[in-house]
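Because only heavy atoms are used, hydrogens play no part in the values below, and waters and symmetry mates are left out as well, while side chains stay in. Since we're looking at a predicted model, the values are computed, not measured. Atoms within each ligand, like the ligands themselves, are counted from 1 in listed order.
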Amino acid sequence: MNLNELTIKQAHEGLVKKNFSSVELTQACLDQIKKTDKKIHSFILITKKEALEQAKKVDKKIAQNEQIKVLEGIPAGIKDLLCAEGIKTTACSKILENFIPPYDCTVIKKLKENGLIILGKQNCDEFAMGSSTENSAFGPTCNPWDLERVPGGTSGGPAAAVAANESIYSIGTDTGGSIRQPTAFCGIIGLKPTYGRVSRSGIIAYVSSFEQTGPITKTVEDAAIVLNAIAGNDKLDSTTSPKDVPDYTLNLNKDIKGIKIGLPREFFEQKELDPKIKESIYEALKVFEKLGAKIEEMSLPMTKYAIAAYYIIAKAEASANLARYDAIRYGEIKNQKLVLSEVEGSKIKNLSDYYLTARESGFGDEVKRSIMMGTYTLSAGYYDAYYLKATKIRTLIKQEYDKAFEKYDALICPVSPILPFKIGEKVEDPLTMYLVDAFTAPVNLAGLPSLTVPCGKIKMEKRAKEYIIGNGESLPTAFQIIGKHFDEETILRVGHNYEKAKKTQK
Ligand code: GLN
């Protein structure tokens, strides 16, 4: 096995036993990036020098027999939405193409305290708006299972990189599905924590009341390890909870006999759901039954309103959050046809002209669409009809989940109604693209934690022309395990038990 193929746990054990060094591990990831990333395009910036320097420091500690933390010396990729001191952070937008943050966001700060090695910044949809990573100003990421297909989005870069063994783990964000859907499309693990579990401070904001940062990993255990490092109260984010952070790895191996799992009918009966995905999840449920879980169909009737409510609230918050980008603060736009007013023929006569020109050329289509939609639904006369109504639906959805969790320990349902689609297939049709989030967005409205777990492969009708992983004949499928507020422990335990059982089945 190549070093870059290791999990966090395995890599840590290897480092401690001095089987290999952090420099060798980091170099293995960098070599893989060199080999595969021209085709996948997971990374928009590779910080090779910094990564190797950091790895050397960890190796020195190991050589001196100092204890190292479990994430220490393990190379990771970071979605380009998280500010990292001195490293260009663009949100994959032209308007931020020259922004170098003067500080680390809390998540990076915490990861650095745990010995993070940053391989680089990873591709995503511009300002995390999209579901396929096609909205990046720097070009799309390709799915390593079939390079003609999308890796999902918006954390498509982070997910594709882990799937293709370019980074040992990645950090993504999930506002309406952006960790869970790409990890499902790439056949790996993704965890969206409870709203308030992980600090949002220093992460470029899209929908402040929905988004959470979380791990993208090869195993459930690795997700628990990363969550341990990034979770917790932060005085820089008043929405973080003061609740204690348990050790999420502690109870992973506890069995799940008698655990009550609900299957929300509205998800499984949705007509857009690919029957092959449904079948694969029913197969997975057999494993859960064998493990002693009690599985039962149940109903969440408000589900059908979730997508409409989600997009109204999301775009409203986006229009406010993106008002700050004026191409003056956060770095100028390069190569922009912004001619100073002194120049003859310039259309820019005043500051307002400058803003208009800068925002016109600095934002991509989906971002402009979001700002327009959001401004509309927040405007006088429409606020009550759209925004206010959507927030009421959000409350009803949350109450419906709260009620369900009086009876169930976890819910299992599909992540995406469809398998990874072809690049270009949906990008011109925003409404169809929004519907891809039908099973993920409700969870953000309710602020719940949810874990993507792969559950097999589905044969494609036509062989992939080019691929990096798999055999070009199939695509991964997955389910999500939704948990109670702040009960990441249970969903991780349920996921880990399934993963273990599947492994012994093989
Ligand atoms: N597709 C959704 C949106 O554009 C979700 C994106 C995300 O989770 N960041 O809002």
Colleague: For ligand 1, which atoms, with element, lie under 4.0 Å from some heavy atom of Gly177?
Modeller: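 By the 4.0 Å cutoff, the relevant atoms are 8 (O).
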
Colleague: Output yes when the distance from some N or O of ligand 1 to some N or O of Tyr310 is under 3.5 Å, and no in every other case.
Modeller: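 Between Tyr310 and ligand 1, an N or O pair is found under 3.5 Å apart.
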
Colleague: Flag the pair Arg200 / Asp234 as yes when at least one side-chain heavy-atom distance between them is below 4.5 Å, and no otherwise.
Modeller: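 Contact flag for Arg200/Asp234 side chains = no.
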
Colleague: Could you tell me the residue and atom name of the protein heavy atom closest to atom 2 (C) of ligand 1, and the distance to it rounded to 0.1 Å?
Modeller: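 Looking at atom 2 (C) of ligand 1, the protein heavy atom closest to it is Asp437 OD2, 3.1 Å.
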
Colleague: Pull out every atom of ligand 1 sitting under 4.0 Å from any heavy atom of Ala128, numbered as shown with elements.
Modeller: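 Taking each heavy atom of Ala128 in turn, ligand 1 has 6 (C), 7 (C), 9 (N) under 4.0 Å.
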
Colleague: Flag Lys79 as yes when one of its N or O atoms lies below 3.5 Å from any N or O atom of ligand 1, and as no otherwise.
Modeller: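 No, Lys79 has no N/O under 3.5 Å of an N/O on ligand 1.
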
Colleague: Hey, does Glu85 have a side-chain heavy atom less than 4.5 Å from the side chain of Pro102?
Modeller: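 Result no, sub-4.5 Å side-chain heavy-atom pair not found.
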
Colleague: Can you confirm, on distance only, whether ligand 1 has an N/O atom lying under 3.5 Å from any N/O atom belonging to Met129?
Modeller: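 Not met; the criterion fails.
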
Colleague: Do any nitrogen or oxygen atoms of Gly130 come within less than 3.5 Å of a nitrogen or oxygen of ligand 1?
Modeller: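 Yes, at least one N or O pair falls under 3.5 Å.
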
Colleague: Applying side-chain hydrogen bond (donor to acceptor under 3.5 Å, both in side chains), which residue pairs with at least one partner in residues 431-446 are found, sequence neighbours left out?
Modeller: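 Every pair satisfying side-chain hydrogen bond (donor to acceptor under 3.5 Å, both in side chains) with a residue in residues 431-446: Ser131-Asp437, Asp174-Asn444, Arg180-Asn444, Tyr311-Asp437, Glu366-Tyr434, Asp429-Thr432.
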
Colleague: Is the shortest heavy-atom distance from the side chain of Thr377 to the side chain of Tyr383 under 4.5 Å?
Modeller: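 When only atoms from C-beta onward are counted, Tyr383 and Thr377 do not touch, as no gap falls below 4.5 Å.
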
Colleague: Considering only non-hydrogen protein atoms, determine which one is nearest to atom 6 (C) of ligand 1 and report residue, atom name and distance to 0.1 Å.
Modeller: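 Going by distance alone, atom 6 (C) of ligand 1 is nearest to Ser178 OG, 3.1 Å.
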
Colleague: Before accepting this row, confirm whether a basic side-chain N of the pair Lys39/Glu466 lies closer than 4.0 Å to the acidic partner's carboxylate O.
Modeller: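 Between Glu466 and Lys39 there is a salt bridge, with a charged N closer than 4.0 Å to a carboxylate O.
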
Colleague: Taking the side chain as every heavy atom from C-beta outward, state whether Lys484 and Thr194 have any pair of such atoms under 4.5 Å apart.
Modeller: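 Contact flag for Lys484/Thr194 side chains = no.
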
Colleague: Heavy-atom contacts under 4.0 Å between Tyr311 and ligand 1: side chain, backbone, both, or neither?
Modeller: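 It is the side chain that gets close, since no backbone atom is under 4.0 Å.
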
Colleague: Going by distance only, is there an N or O of Thr173 that falls short of 3.5 Å from an N or O of ligand 1?
Modeller: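 The answer is no, given that Thr173 and ligand 1 share no N or O pair closer than 3.5 Å.
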
Colleague: Does this structure show an ion pair linking Asp326 with Arg359, if we count only N-O contacts that are shorter than 4.0 Å?
Modeller: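 Salt bridge flag = no for Arg359 with Asp326.
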
Colleague: As an exercise, identify every atom of ligand 1 less than 4.0 angstrom from a heavy atom of Tyr206.
Modeller: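 Here the atoms of ligand 1 in question are 3 (C), 4 (O), 10 (O).
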
